[in-house]
Each structure stands twice: as structure tokens, then as C-alpha cells.
Amino acid sequence: MASEKTPTPLGSNFIRAIVDKDLEQGVYQSRKWAGSPGDAAHQAAGQPDAAKIRTRFPPEPNGYLHIGHAKSIFLNFGLARDYAGVCHLRFDDTNPEKESQEYVDSITDAVKWLGFSWENGQESNLYFASNYFDFMYRAAESLIENGHAYVDSQTPEEMRITRGTLTEAGKNSPWRDRTVAENLTLFREMRDGKHADGSLILRTKIDMASPNINLRDPAIYRVRRAHHHNTGDKWCIYPMYTFAHPIEDALEQITHSICTLEFEDQRPFYDWLLERLAEAGLLAHPLPKQYEFARLNLTYVVLSKRKLIQLVEEKHVSGWDDPRLPTLAGARRRGYVAEGFKLFTDRIGVSKADSWIEYTILEDCMREVLNEGSERRIAVLDPIKLVIDNYPLDSNGKSQVEDCFAPNHPLKPELGKRVVPLTRELWIEREDFMEVPSKGFFRLVPDGLVRLRYGYVVKCTGCEKDANGNVTVVHCEYLPDTKSGTPGSDSIKVKGNIHWVSVTHAYECEVRLYDRLFKEAHPGQGHTEDGRDRDFLTDLNPNSVTVITAQLEPSLKDAKAEDSFQFERHGYFVADIKDSVAGTPVFNRTVTLRDAWQK
RNA sequence: UGGGGAGUCGCCAAGUUGGUUAAGGCACUGGGUUUUGAUCCCAGCAUCCGAAGGUUCGAGUCCUUCCUCCUCAGCCA
């Protein structure tokens with residue numbers, strides 16, 4: 001029998017393959033869930049977990065989320081959604097010195113904005129690693145009791161030296177053989193504040209000669225007197241990521257713990273730790289498993305937290321939500337939409353290969369969803385006056401005002417039309433007129449015909465110039481029988497089609513035109529002429545924002561913050577969420593339209 | 001020069017246990033529609049899977065060697 005080849009489902013990736021296999025083999029069938037995170041005893045009292053899988057998105061609240069995090073969010077929450085599972089939002093807040101509530105709030109906002117929720121029925125799967133400090137402490141004592149951990153009195157410098165190098169084995173610490181009782185006493189003293197910051201450290205006892213440096217007795221608990229945003233001053237010892245993260249996953253009954261490639265070397269320790277705690281009866285099988293994927297690299301963008309912080313603190317941008325920043329807060333303000341990020345993450349896939357995604361992929365995704373959902377409006381960004389000399393005046397010598405009808409969306413007639421008033425004097429785009437046309441230019445030229453979009457065909461009769469020879473006013477005459485929507489509209493075919501706004505009706509408005517923040521595809525990559533690493537700041541684009549005064553069609557005055565429009569022939573623009581006031585919105589250019597015309 | 005990873009079209013990326021014509025998207029190139037030089041539609045776009053050998057009736061998929069890139073020596077995450 002010929003087997004039919006089933007087409008590869010869209011978005012297939014190696015992690016989905018793993019989940020498929022695990023589900024098929026029932027690897028996690030015996031899992032129980034007591035309704036909240038907890039140790040083996042706690043979960044054993046619960047019900048079989050209704051969630052087929054549990055994933056988690058575990059940011060450290062020490063900065064704003066960026067586009068790279070969006071990839072991880074869509075991966076983790078998307079997996080949970082597609083496999084009838086649950087995804088937890090967990091703050092990995094084990095280092096009190098760098099974390100704050102401001103970041104916690106910005107992160108929850110961003111995840112919600114992307115369209116995800118950690119609510120699952122009555123349950124809220126929003127957790128803090130710091131809420132597990134009691135268990136972590138217990139786990140550490142258990143390790144000590146079973147001879148798997150010891151308190152080291154070496155200085156950080158001594159530890160660095162005895163750790164060895166990439167090619168040489170390390171040496172055992174002179175304190176490695178302290179008795180269990182001695183270790184327990186010292187660790188409790190650490191907890192009780194009897195030792196100075198940095199004087200003592202708890203380490204697991206594994207193998208100082210391991211070729212994997214992460215297994216050379218990694219440090220798991222340090223003494224640090226710092227105020228924690230969640231636990232206050234309760235603790236003066238804090239667990240380290242290496243130790244804390246596997247435990248967080250296990251307590252939350254996570255099945256698939258997905259992180260980026262740089263943690264691959266950490267996986268043996270992840271498994272080692274969990275097995276030791278399972279042996280001690282603190283945790284139960286099946287234990288969570290860690291999988292790694294390649295982090296996102298985007299051309300013309302920096303995504304390292306350190307660099308983003310620097311851009312904000314040194315005020316190269318206006319703040320974390322500067323529309324030029326790749327933060328989710330910035331992208332939102334720029335007018336990027338959640339649906340566009342979903343398209344983007346679907347499009348770039350998930351793999352273990354290091355890659356650089358072209359920034360235009362992201363822009364195309366935004367264009368694609370914005371094109372579908374945005375109503376059209378007319379805006380003249382670089383205005384020059386066009387006078388229709390033969391347009392009728394009334395008895396007072398004022399221009400006639402005529403209604404023209406512009407569809408709100410060319411592909412969606414059901415969205416209706418709106419009125420745009422036509423008068424004798426209009427604003428048109430400066431670049432739509434050329435006294436001496438370049439090759440292929442088919443807009444306004446002397447003696448040429450062009451259609452005033454949704455209005456009449458006009459014939460250019462000339463222009464006025466100032467002393468410097470710059471065009472100040474363009475003149476034309478209209479052909480009365482050619483109005484759009486009338487039988488005569490097709491009597492004359494013209495190729496050019498330009499947009500306009502009535503001078504007497506226009507809404508004069510501030511518009512910000514954004515360009516890429518960096519002028520190099522790989523900011524800061526490579527070396528200077530004298531062989532040093534290049535500073536990414538030298539690649540900053542000095543013209544990443546231009547603020548202009550544009551002439552918009554009158555209806556735009558009513559736009560509310562975050563309303564998105566396509567300004568015809570220009571691109572997508574959003575009413576700024578911060579600076580728009582009711583009745584006087586200001587706009588940010590999200591992204592331009594594609595422009596195939598080679599000028 | 002230790003360990004752990006990755007190398008499939010310009011950019012991403014599918015390729016189940018080897019099975020015959022190497023998915024798909026983006027980009028690009030033609031052509032069509034169009035009152036946005038937009039959108040949309042249609043067509044084209046890897047004899048080849050980092051390289052070289054080998055096993056096999058058959059290899060991107062197995063073996064060997066080699067090359068390139070990423071990553072690990074915080075009491076950060």
C-alpha cells in the first residue's frame with residue numbers, strides 16, 4: 001500500500017517534534033498538579049494534570065521585553081495553546097540587585113499586549129521564583145545532608161584559579177571535605193546573617209575535573225544583603241540561576257523548559273540537580289526537561305539587554321518606549337501590532353542554527369497585517385500648494401467646496417466611504433510635481449495630465465518660483481467631466497494619480513518619520529582600523545527620526561491614541577499613545593509602503 | 001590545542017527509522033489586475049544539501065576524516 005505523504009504542518013520545528021513524541025509515548029501522563037506549584041508531597045495530593053504540557057516564559061525583571069522575547073513568548077505560549085497545555089509567566093527574580101517592580105509591570109503589560117494570558121480557569125499561572133526561596137533553602141540543606149554540597153571559604157579570586165581553564169582540569173577546594181555537620185552549621189549561619197557578603201558560598205560537589213566547566217562544583221547560594229522587590233529583607237542569601245531555575249521548573253510541574261542556546265552546557269547540571277532532589281524525595285518523576293533554541297538576531301537592531309539599557313540611560317533614545325527601540329513597548333508605540341509579531345515568529349521558525357533575520361521580514365509582516373486592518377486616509381507630508389485656476393468661485397469670490405468620496409478600504413467596500421472636501425487651493429506632495437520630469441516619472445509635469453485621487457483629472461499649466469528658483473505654487477486647470485464616480489471619470493485615462501488635501505480644511509499636524517536606529521546591518525560587529533572592537537554606538541543612524549508638520553485630511557483630527565491608518569501612497573501611521581490629545585492627535589510613521597519605483 | 005552545539009537557494013527553514021522529482025515563506029525576475037508606482041493574481045527561481053572519501057540497488061539522511069561558525073572559565077541570568 002502506498003503511504004500518502006502528509007504535508008509538513010506549518011510551523012513544524014524540532015521542539016514540536018519532541019512534544020509530539022512525548023505525548024505519543026505518554027511521558028507525562030502520570031503527572032499530577034495540585035493547583036499550585038509545590039514539592040513532591042504537595043503535587044502527589046493533587047489530581048492528574050489536565051494540562052497536557054506545561055511550558056513557561058521566565059524573564060528576569062531587570063529590563064524591558066524586546067522582539068527577541070516575543071519569539072520566546074510565542075514559542076512557549078503558542079506550544080501550550082496548540083497542545084492543550086498551559087504556559088506560566090514566571091519572574092526569575094533571584095538577583096535582588098538588578099530587579100524592580102517597574103520591570104515586572106512592563107513585562108506583564110507586554111505579554112498581555114501580545115495576546116496571551118496566564119489565567120487558566122480559576123488558576124493564575126503567574127509566579128515568582130522568589131516565592132520558592134523556602135523550598136530552595138530546604139533543597140540546599142538536603143544536598144548538604146546527602147554530601148552533594150559544601151560551604152566554600154575560598155575568595156572569588158581563589159575560586160577562579162582553582163576552577164581551571166577550558167583545557168586544564170580544576171583543583172579541589174581545600175574546604176571541599178568539610179563534614180556534613182560543619183557545612184550545615186555554616187550554611188545556617190549564612191542564612192542567619194552571621195557571615196559577610198561574599199565571604200562564604202555554597203557549592204555543589206560534583207567534579208572539579210569535568211570537561212564541562214559548569215560541572216566543576218558550581219556555586220548555588222551566595223550571601224548578599226540586598227533588598228528584594230518581593231521578599232524584602234527576609235533573606236540575605238540568594239540562590240543562583242543554575243540552582244534556582246531547574247527547581248522553579250520542577251515545582252511548577254513544567255514539562256518542557258525551553259531556553260536559548262547559551263544554556264546548553266547547563267543542561268547536565270539541570271538534570272543532575274533534579275535527580276538528586278528526586279532521590280531525596282523532594283521532587284518526583286517525571287522531571288522537567290530543558291531544550292534550547294537559537295536566539296533571535298535582527299539586522300540593524302541590537303537586542304542585548306546591556307546595550308538597550310545603555311541606549312536608554314545615555315539618552316540616545318527618549319526612553320524604553322522610544323518608537324525606534326526594539327522593545328515591545330517601543331514597537332507598540334511605533335504602531336507595530338501583536339498580530340504582526342505572530343506572523344513574524346511563524347515566518348522565521350525555530351531551530352538551533354545561529355541566524356540573522358533581515359529586518360525587512362519584520363516590516364513586511366507589519367505591512368501585511370496593517371494593510372488588512374487599517375483604514376485609508378489622506379495625508380500630505382511635504383506640502384506644496386496646487387491652485388486649480390478654473391475652479392468655480394462663489395459670489396463672494398470664495399472657492400466652491402465640493403464633496404469627494406474616498407473609500408475607507410479599497411478591498412472592503414463594507415467599511416464605507418468618507419467625505420473629503422475639494423476646493424480651489426490644495427496641498428499636494430512636493431515630490432509629485434517635477435518641472436523637468438525624470439525618466440519614468442508619471443505624476444504632475446507641465447502640460448501633463450494627472451488625476452487628483454477621488455476628484456478630477458487636472459492639467460498642469462505651470463508653476464511659480466521664489467528668488468532661489470524653488471517651486472512655491474503649482475497651477476493647473478481641472479476637466480469638469482472627469483470626476484471620480486461619475487460616468488465621465490473614465491473618459492480620459494491617466495497613469496498618474498496623486499493625493500491632496502484642501503488648504504482651507506486641512507488638519508496641520510506633527511508627524512514623526514522614523515527610520516532604522518542603526519545604519520549598519522550588524523551594529524558594533526567587527527573591528528576598527530586599529531584592530532579594536534567597534535562600539536555599536538558609532539553605528540547609530542543620526543537621522544533615525546524626522547519631525548515634520550504635515551497637512552492631513554480633516555477626519556484625522558478625530559483619531560484616538562493607537563488608531564492605525566494607512567496614509568495613502570505613504571505608509572502606515574499610528575496616533576501616538578503618549579503625545580496625542582483628544583482632538584489633536586500626533587502621528588508616528590510605523591512603516592512605509594513598499595515602493596517599487598526606482599527613482 | 002577541553003567540553004557542548006550548528007552548517008540545506010540571497011535571508012529564514014521543512015526534511016520521521018536511508019527510497020526514487022530536496023516542502024514552504026521572504027527576497028528576486030518576468031507577466032496580469034488596479035483611481036495607492038501599494039495590495040492582489042499567475043509563472044520562474046538548489047541535478048543539489050560545509051568539503052572530501054566510504055557503505056548501499058539507493059544517502060541531505062549511515063560511517064570516516066577535514067573545514068567554518070557559535071558557546072562555556074560571574075559569588076549575572
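All chains are named by letter (A, B, ...) in the order of the sequence lines, taking the proteins before the strands, and each is independently numbered beginning at 1. Quick note: numbers below take in every heavy atom, side chains included, and nothing from hydrogens, waters or symmetry partners.
In Lys21(A), the NZ atom is not crowded: 12 or fewer heavy atoms of neighbouring residues, nucleotides or ligands sit closer than 6.0 Å. A 6.0 Å sphere centred on CH2 of Trp175(A) holds no more than 12 heavy atoms belonging to other residues, nucleotides or ligands. When the shell of 6.0 Å around NZ of Lys352(A) is examined, it contains more than 12 heavy atoms from other residues, nucleotides or ligands.
Using a 4.0 Å heavy-atom cutoff across all strands shown, Ile348(A) reaches sugar-phosphate atoms only and no base atom. At a threshold of 4.0 angstrom between heavy atoms, the contacts of Pro410(A) include nucleobase atoms, whether or not backbone atoms are also involved. Using a 4.0 Å heavy-atom distance criterion, Glu363(A) is classed as making no nucleic acid contact. The residue Arg203(A) sits apart from the nucleic acid: no heavy atom pair falls under 4.0 Å. Residue-level contact check: Gly455(A) touches neither bases nor backbone, having no heavy atom under 4.0 Å from any strand. Residue contacts for Val223(A): at a heavy-atom cut-off of 4.0 Å it reaches no nucleic acid atom on any strand shown.
Summarising the geometry, atom CD1 belonging to Ile220(A) is positioned 10.0 Å from atom CE belonging to Met240(A); distances are rounded to the nearest 0.5 Å.
When rounded to the nearest whole Å, the span between CD1 of Ile309(A) and C1' of rC76(B) equals 12 Å. Distance Asn371(A) CG to rC41(B) C1': 15 Å, rounded to the nearest Å. For the pair Leu411(A) CG and rU35(B) P, the computed distance is 13 Å after rounding to whole Å. Between the CD atom of Glu292(A) and the C1' atom of rC70(B) there is a distance of 14 Å, given to the nearest Å. A straight line from OH of Tyr454(A) to C1' of rU34(B) spans 12 Å, rounded to a whole angstrom. The distance between atom CZ of Arg443(A) and atom P of rA38(B), rounded to the nearest whole Å, is 11 Å. With rounding to whole Å, Leu362(A) atom CG is found 19 Å from rG25(B) atom P. Computed from coordinates, the His195(A) NE2 to rC75(B) P distance equals 19 Å when rounded to whole Å.
Side-chain contact, Asn408(A) with Arg376(A): no donor N or O sits under 3.5 Å from an acceptor N or O. Neither side chain, Glu264(A) nor Gln266(A), offers a donor N or O lying under 3.5 Å from an acceptor on the other. Under the 3.5 Å distance criterion, with hydrogens and angles disregarded, a donor-acceptor pair is assigned to the side chains of Glu568(A) and Tyr454(A).
Side-chain atoms of Thr94(A) lie closest to rA77(B) of the nucleotides rU36(B), rA77(B), rA73(B). For Asn95(A), the listed nucleotide lying nearest its side chain is rA77(B); candidates were rC72(B), rU35(B), rA77(B). Closest contact between the side chain of Leu593(A) and the listed nucleotides rU36(B), rC75(B), rC12(B) involves rU36(B). Listed nucleotides: rG15(B), rU36(B), rA73(B). Nearest to the side chain of Arg376(A): rU36(B). Proximity note for Asp92(A) (side chain, C-beta onward) versus rG37(B), rA77(B), rG2(B): the nearest is rA77(B). Across rC76(B), rC12(B), rA73(B), the shortest atom-to-atom separation from the side chain of Arg163(A) is found for rA73(B). Listed nucleotides rA77(B), rU35(B), rG15(B) differ in distance to Phe263(A); the shortest reach to its side chain belongs to rA77(B). Here rA77(B) is the nucleotide among rG2(B), rG37(B), rA77(B) with the atom lying nearest to any side-chain atom of Tyr241(A). Each of rU35(B), rA14(B), rA77(B) was ranked by its minimum atom distance to the side chain of Ser489(A); first place goes to rU35(B).
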Applying the Watson-Crick and G-U criteria (both distances under 3.5 angstrom) with [ ] for crossing and | for other-strand pairs, one obtains for RNA chain B .((((((..(((......[....))).(((((.......))))).....(((((..]....))))))))))).....
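Cation-pi geometry between Arg516(A) and Tyr300(A) is satisfied (NZ or CZ under 6.0 Å from the ring centre, within 45° of the ring normal).
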Review item, nucleotides 4-8 of chain B N/O atoms under 3.5 Å of protein N/O:
residue, atom, partner, partner atom, Å
rG5(B), O2', Glu264(A), OE1, 3.4
rG5(B), O2', Glu264(A), OE2, 3.1

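Of the candidates Arg176(A), Arg163(A), Lys205(A), Lys171(A), Asp217(A) forms a salt bridge (charged side-chain N to carboxylate O under 4.0 Å, His left out) with just one, namely Arg176(A). When each of Leu552(A), Val574(A), Leu381(A) is checked for a side chain to side chain contact (heavy atoms under 4.5 Å, CB included) with Phe587(A), only Leu552(A) meets the rule. Residue Ser257(A) is tested with Thr55(A), Asp249(A), Asn76(A) for a side chain to side chain contact (heavy atoms under 4.5 Å, CB included); the sole match is Asp249(A).
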Could you write nucleotides 26-33 of chain B as a row of B, S and -, 5' to 3', where a protein heavy atom under 4.0 Å of any base atom gives B, of only sugar-phosphate atoms gives S, and otherwise -?
SSS-----
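Using a cutoff of 4.0 Å between basic side-chain nitrogens and carboxylate oxygens, Glu157(A) and Arg160(A) are scored as salt-bridged. Salt bridge annotation for Lys483(A)-Glu402(A): present, with a cationic side-chain nitrogen under 4.0 angstrom from a carboxylate oxygen. Ion pairing between a basic and an acidic side chain is recognised when a charged N comes within 4.0 Å of a carboxylate O; Lys289(A) and Asp22(A) show no such pairing. Ion pair Arg418(A)/Glu553(A) flagged as a salt bridge, since at least one NZ, NE, NH1 or NH2 atom sits closer than 4.0 Å to an Asp/Glu carboxylate oxygen. Salt bridge absent: Glu429(A) and Arg443(A) never bring a charged side-chain N and a carboxylate O closer than 4.0 Å.
Within the structure, ring-ring contact (aromatic ring centres under 6.0 Å, His included) contacts touching residues 199-222 of chain A (residues at least two apart or in different chains) are Phe187(A)-Tyr221(A), Tyr221(A)-Phe243(A).
An OP1 or OP2 oxygen of rC76(B) is reached within less than 4.0 angstrom by a side-chain nitrogen or oxygen of Arg222(A). Considering only side-chain N and O atoms, Ser351(A) lies under 4.0 angstrom from the phosphate OP1 or OP2 of rA13(B).
Counting only distance, with no hydrogens or angles, the side chain of Ser210(A) and the backbone of Ile213(A) share no donor-acceptor pair below 3.5 Å. Listed for the Thr162(A) side chain is no donor-acceptor partner under 3.5 Å among the backbone atoms of Ser173(A).
Scanning residues 493-502 of chain A for heavy-atom distances under 4.0 Å to RNA chain B yields Asn497(A). Contacts between residues 566-574 of chain A and RNA chain B, counted as heavy-atom distances below 4.0 Å, involve Gln566(A), Glu568(A), Arg569(A).
Along RNA chain B, the nucleotide closest to Leu452(A) and the one closest to Ile357(A) are compared, and the more 5′ of them pairs with Ile357(A). The residue among Thr165(A) and Glu60(A) whose nearest nucleotide of RNA chain B lies closer to the 5′ end is Thr165(A).
For rG74(B), the base is syn relative to its sugar; the glycosidic angle is within 90° of 0.
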